[in-house]
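In what follows, a single structure is set out as structure tokens and then discussed.
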Amino acid sequence: MSSALRQFKHRFLIGLMKVFAGLGPAAAYLAFAGKGSAAQLCRHIARSGARRVLVVTDKPLRDLGIADKVVQELQAAGVDLAWYDGVMPDPTFDHVAEGVKALKAHGSDAVLAIGGGSSIDAAKIIAASACNDEDPRQWVGLGKVRFEVMPIYAVPTTSGTGSEATMGAVISDPVTHEKSIISGATLLPSAAALDCELTAGMPAPITAATGMDALTHAIEAYICTWDRGTRLAHSSAAIKLIFEHLETAVNDGANSEAREAMSTAAYYAGIAINQVNVGNVHAIAHQLGGKYGIPHGMANALVLPHVLEFCREEAQDSLARLAVLIGVGREGDSPAQLTEAFIQAVRDLRARVGIPERSDKIQAGDYDYLCNLAMAECENYPVPRLLDRENTLAILANITA
């Protein structure tokens, strides 16, 4: 397909998606925030009438006692709990099936996710699968979950994915490891708790990677070609919070102000991408995660500066405004100068929080495979410039150790 035809097809598809997105119901957000907010959420769940709740988490959080501590208020209210703690990084459709089996055996009437994006994403599709006998692989794409699902609640223990604020979930194929995105309005959590106490023990490398994940969400929402809802307000607020607090959260994990700011930033960034979707960074990063198991935040951090370079001309006005927002430029500086300053600020932040520029997991022999998948995925996103083969291959080469 010629470049011109591909661009025309992309503009037509994104325009059509925007029309259909506008026809859907407005997202309703409810979040309890601050220290102790997880307990507030649990009391809310009990007051909402749930009597049998499946808790979806991972084994490390269960072994550390963190997940059990979160649900104490549910137990005090007499809510009967069942557990599925088999979620792994990059959850698969097999994990979903195991979770559904546990839910049906228990007769759960609500699902509570405790953990990072993997646990929250898995919980969304477990809740949906329990209400519909279709293979969830049939729901891959936008708006194919058209039925009501049981209530989903989320307590994130990382500050990055924003899954607690989105209607999407990323599930991997257990054989090919390719990642699939399932998105539908009924997958939006009914309520979430942004409890900074639960992120205080997060190791510095995970804090750094998840923080860069949130930054990627916010930037991609800010520079996208859709102008919907509050995406500018929420994405710009997230970007400012991350530049002000991520380094402190990495270096001083017990700093509650920084932890709370990062929890808020991840949530704001999630709201932003829930309105307009992600972009080229994710189109490449998803393939790195699927092929090599590179954690999603790390993959985003590797790719982000290169994608900003790739679309610097098309996104110049937006990137220039962000430079002023974070204080690396002033009104009156040239747009090109401001754009360069912002991209460099992203590189500098990545370096200060200890994330490398390259990965030795990426193999040159896989470039064509990764490139084809990334180019296909980006066509579904409202990006300022479509990835092309030459530049995608160059980005992969630049992040390969």
Side-chain angles (χ1 to χ4, degrees), residues 159-160 162 204-224 231-252 255 257-259 261-266 268-270 272-273 278-282 284-285 296-359 383-385 391 394-395 398-399:
S159 301
I206 298 177
T207 300
T210 54
M212 292 299 295
D213 188 14
L215 180 64
T216 302
H217 293 161
I219 293 174
E220 291 199 306
Y222 194 89
I223 69 174
C224 79
R231 61 102 184 179
L232 285 176
H234 277 104
S235 60
S236 58
I239 291 165
K240 187 169 177 60
L241 284 170
I242 292 166
F243 271 96
E244 290 176 348
H245 295 283
L246 176 57
E247 191 174 0
T248 301
V250 170
N251 295 328
D252 181 9
N255 187 304
E257 180 183 357
R259 288 296 191 186
M262 288 305 302
S263 293
T264 303
Y268 283 172
I273 61 172
V278 289
N280 286 328
V281 179
H282 279 72
I284 298 175
H296 183 60
M298 178 69 72
N300 276 337
L302 289 170
V303 177
L304 177 58
H306 299 285
V307 165
L308 296 182
E309 290 282 3
F310 167 70
C311 66
R312 67 156 58 218
E313 182 176 338
E314 294 79 5
Q316 181 172 263
D317 290 344
S318 296
L319 295 174
R321 289 194 297 271
L322 291 178
V324 175
L325 175 75
I326 66 169
V328 295
R330 297 175 297 178
E331 296 283 358
D333 292 345
S334 73
Q337 181 181 353
L338 290 169
T339 296
E340 176 61 33
F342 182 74
I343 296 174
Q344 187 58 47
V346 171
R347 292 183 184 275
D348 291 344
L349 178 62
R350 182 180 66 178
R352 290 198 305 272
V353 298
I355 294 180
E357 298 179 4
R358 298 176 176 83
S359 171
V383 294
R385 181 184 179 189
N391 284 283
I395 290 172
N398 282 328
I399 62 175

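Only a predicted model underlies this, so the values are computations on that prediction, with no experimental measurement involved.
The side-chain hydrogen bond (donor to acceptor under 3.5 Å, both in side chains) check on R231 picks up nothing, with sequence neighbours excluded. Scanning for ring pair (Phe, Tyr, Trp, His ring centres under 6.0 Å) contacts around H296 gives H282, H286, with sequence neighbours left out. Applying the ring pair (Phe, Tyr, Trp, His ring centres under 6.0 Å) criterion to Y222, with sequence neighbours excluded, gives no partner residue. Applying the side-chain hydrogen bond (donor to acceptor under 3.5 Å, both in side chains) test to E247 and every residue at least two apart in sequence or in another chain returns R352. Listed by chain and residue number, nothing satisfies the salt bridge (Lys or Arg N to Asp or Glu O under 4.0 Å) test with E357 (two or more places apart in sequence, or in another chain).
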May I have the list of side-chain donor-acceptor pairs in residues 322-338 shorter than 3.5 Å, sequence neighbours left out?
| unit_1 | atom_1 | unit_2 | atom_2 | d |
| --- | --- | --- | --- | --- |
| D333 | OD2 | R330 | N | 3.0 |
| S334 | OG | Q337 | N | 3.0 |

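Going from atom CZ of R347 over to atom CD of E309 covers 5.5 Å, rounded to the nearest 0.5 Å. Between T264 atom OG1 and H234 atom NE2 the span is 10.5 Å, to the nearest 0.5 Å. Annotation: the span from R350 atom CZ to L304 atom CG amounts to 8.0 Å, rounded to 0.5 Å. Separation of atoms OG (S263) and CG (L241) is listed at 10.5 Å; rounding is to 0.5 Å. Atom CG of N280 is separated from atom CD1 of I223 by 8.0 Å, given to the nearest 0.5 angstrom. The distance from atom CD1 of I242 to atom CG of L215, rounded to the nearest 0.5 Å, is 5.0 Å.
Counting only heavy atoms from C-beta outward, the side chains of T216 and V303 never approach each other to under 4.5 Å. Contact annotation: the side chain of L349 approaches that of M212 to within less than 4.5 Å [non-hydrogen atoms, C-beta and beyond]. For the pair N391/H306, no side-chain contact is recorded, criterion being any heavy-atom separation below 4.5 Å from C-beta on. Looking only at side-chain heavy atoms (C-beta outward), V383 and C311 stay at 4.5 Å or farther from each other. Side-chain atoms of E220 and S235, non-hydrogen and from C-beta on, never get closer than 4.5 Å to each other. The shortest distance between side-chain heavy atoms of I219 and V346 falls below 4.5 Å.
What you find for F310 and R385 is that their closest heavy atoms are O-NH1, 2.6 Å. Of all the heavy atoms in D213 and G297, the pair that sits closest is CB-CA, 3.8 Å. Scanning both residues, P356 and L302, for their nearest heavy atoms gives O-CD2, 3.5 Å. Shortest non-hydrogen contact noted between L319 and T339 is CD1-CG2, 3.8 Å. Taking all atoms of both residues into account, the shortest heavy-atom contact from A214 to A266 is CB-CA, 4.0 Å. The two residues A218 and A238 make their nearest non-hydrogen contact at CB-CB, 3.9 Å.
Enclosure of atom CD in Q344 by more than 12 non-hydrogen atoms of other residues, nucleotides or ligands within 6.0 angstrom is indicated.
By the 30° and 60° cut-offs, the orientation of the rings of F342 relative to F243 is tilted.
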